[in-house]
Amino acid sequence: MKYIIANWKMSIDDAKIDKFLNTLKTQVSSKNVVCGVATPFVYINKVLPTLSQYHWLVGAQNVSFAESGAYTGEISAKMLREQGVNFCIVGHSERRVMFGETDEIVNTKIQRLLEQNLTPLLCIGETLEQHEQNKTNLVLKKQLQSDLADIKYVDKLIIAYEPVWAIGTGKSASTKDIQQNILFIKQTLGKMYGDKSQDITVLYGGSVNPKNAQSIFLLNCVDGALVGGASLDCQKFLDIVHSMQ
Ligand code: 13P
């Protein structure tokens, strides 16, 4: 199955969500693609009725590494499940860089999500410096091995390959780089989990838009996309979804 997931980050508000949902209601959604939206926590209940009516997944953008207790300001995996969330982004480069999230924290968050039967959407990717120094494979392998350490195979897992230098820059990675790196990710997962790993979905993220989506989706190894900026406008997001077919 192919997935196209919106990551609204902190770039959305009530009015923009109303507009998004109203546009969605006028459209026929695609049968071949699973769509989803990772929304800020406070809008989960606002988007859930409409998104679930269209069989879209509802996701969160973060989760606590702790199960429960005195963690002021944190949201637990159990709370997300109770609100009807299906998946949660972990390891996004914005959280790794700006909020100091280590691979160890990412690994704990994945465990918390799996305990609640929620799908972790794990983001990995190299910085520009690592890219220029040809260290991409090393970085991807280390992130996969550390972030998934002691995590038994789960068909629920979704990986997003998001080169840090392609996020929010309007400069997507080349189709050659995307193909090479996603194949490397799949090979590495194969070594970790054997044949079963073929069922793990691997998305591409980084400046995906309605113009470049089709050429990215033509790559066989790409199972979909994680879309930031272009997902704030429902029509643009649906144009990306439709270029999948
Ligand atoms: P952009 O699509 O805005 O580059 O963001 C990608 C991203 O970070 C999705 O998680």
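Sequential numbering from 1 along the given sequence is applied to the chain's residues. Read the numbers this way: they start at 1 and go in the same order the structure lists the ligands and their atoms.
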- line: When rounded to the nearest 0.5 Å, the distance separating OG of S76 from CZ of R81 is 9.0 Å
G206 touching ligand 1 at heavy-atom level, < 4.0 angstrom: yes
contact_flag A166 ligand 1 heavy-atom lt 4.0 Å: yes
Indicate yes or no: does [X] engage [Y] in a salt bridge with an N to O separation below 4.0 Å.
X	Y	result
R96	E101	no
K46	D18	yes
K156	D199	no
E94	K9	yes

query: Is K9 close to ligand 1, meaning an N/O of one under 3.5 Å from an N/O of the other?
result: yes
field: Protein residue, atom and distance nearest to atom 3 (O) of ligand 1, heavy-atom basis
entry: G229 N, 2.8 Å
What atoms of ligand 1 come within less than 4.0 Å of a heavy atom belonging to [X]?
X	value
S207	1 (P), 2 (O), 4 (O)
L226	9 (C), 10 (O)
E162	6 (C), 7 (C), 8 (O), 9 (C), 10 (O)

- request: Run down the list S11, G228, G168 and name the one with the heavy atom closest to atom 4 (O) of ligand 1.
  value: G168
query: Hey, are S243 and Q214 close enough side-chain-wise for a donor-acceptor pair under 3.5 Å?
result: no
field: I167, portion touching ligand 1 at heavy-atom distance under 4.0 Å
entry: both
message: Is the ring pair F20/F237 parallel, tilted or perpendicular, if the boundaries are 30 and 60 degrees?
response: tilted
